[in-house]
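Below: the structure, in structure tokens.
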Amino acid sequence: MTIQPLKPEALEKVLADLEMRKTNGSEYEKKNRPFLTRITKKTFHLFYKDDVKTIDRDECASCGICEKVCPVDNLSKIGRSFVIGKSCEDCGACAQWCPQKAVHFGKRNAEGKRAYTHSEINLKDMIVQKSGSL
């Protein structure tokens, strides 16, 4: 399979969308994501059981960082505990930035890893990007 280069007008549209920070994730996925990619993702989820997302109440310090960095506002505080909702995008931000490593995605473990973070992005940057302020 060869990848066809974008036509100049299509490339201009992509660049304009990026500049305006537009997103069209679901439209893109439906049109462009190959069948095998969907199968691979489902297999990955089955193997790692990462659809089972939990926050260990004993480890959680109730700092709220997970809630602050979640791009889809999928975490909420109920009493002293945080709860993960049903609209998770599997970005891993909550697990990556949790100082206590209390957020667990099945068998995946964020302990000692920064696989899902950029080396030049810090927690403050994440919170400001989402909320516009600290």
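If you're wondering where the values come from, they're calculated on a predicted model, not measured in any experiment.
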What closest approach, in Å, do [X] and [Y] show between heavy atoms, and which atom pair accounts for it?
X: Cys60; Y: Ala102; answer: N-CB, 3.6 Å
X: Lys101; Y: Ala95; answer: NZ-O, 3.8 Å
X: Asp56; Y: Asp58; answer: OD1-N, 2.8 Å
X: Trp97; Y: Ile65; answer: O-CG2, 3.7 Å

Practice task
Can you run down the side chain to side chain donor-acceptor pair (under 3.5 Å) pairs that involve residues 61-72, sequence neighbours left out, and say none if there aren't any?
Solution key: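 Applying side chain to side chain donor-acceptor pair (under 3.5 Å) to every pair that reaches into residues 61-72, excluding sequence neighbours, yields nothing.
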Exercise for the section: For residues 72-88, pull every pair meeting salt bridge (Lys or Arg N to Asp or Glu O under 4.0 Å), keeping only residues two or more places apart or in separate chains. Expected result: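 Sorted pair list: Asp73-Lys130.
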Measuring from [X]:[atom1] to [Y]:[atom2], what's the distance to the nearest 0.5 Å?
X: Leu75; Y: Cys66; atom1: CG; atom2: SG; answer: 4.5 Å
X: Lys53; Y: Cys94; atom1: NZ; atom2: SG; answer: 8.5 Å
X: Asp17; Y: Glu12; atom1: CG; atom2: CD; answer: 11.5 Å

Exercise for the section: Apply side chain to side chain contact (heavy atoms under 4.5 Å, CB included) to Val69 and Ile127, showing your working. Expected result: CA-CA 6 Å; Val69 299; Ile127 294 170; 4.2 Å; yes
Exercise for the section: Indicate, with yes or no, if Ile84 and Ile78 share a hydrophobic cluster defined by side-chain heavy-atom contacts under 4.5 Å among Ile, Leu, Val, Met, Phe, Trp and Tyr. Expected result: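 No; tracing contacts between hydrophobic side chains, which count when under 4.5 Å, never links both residues.
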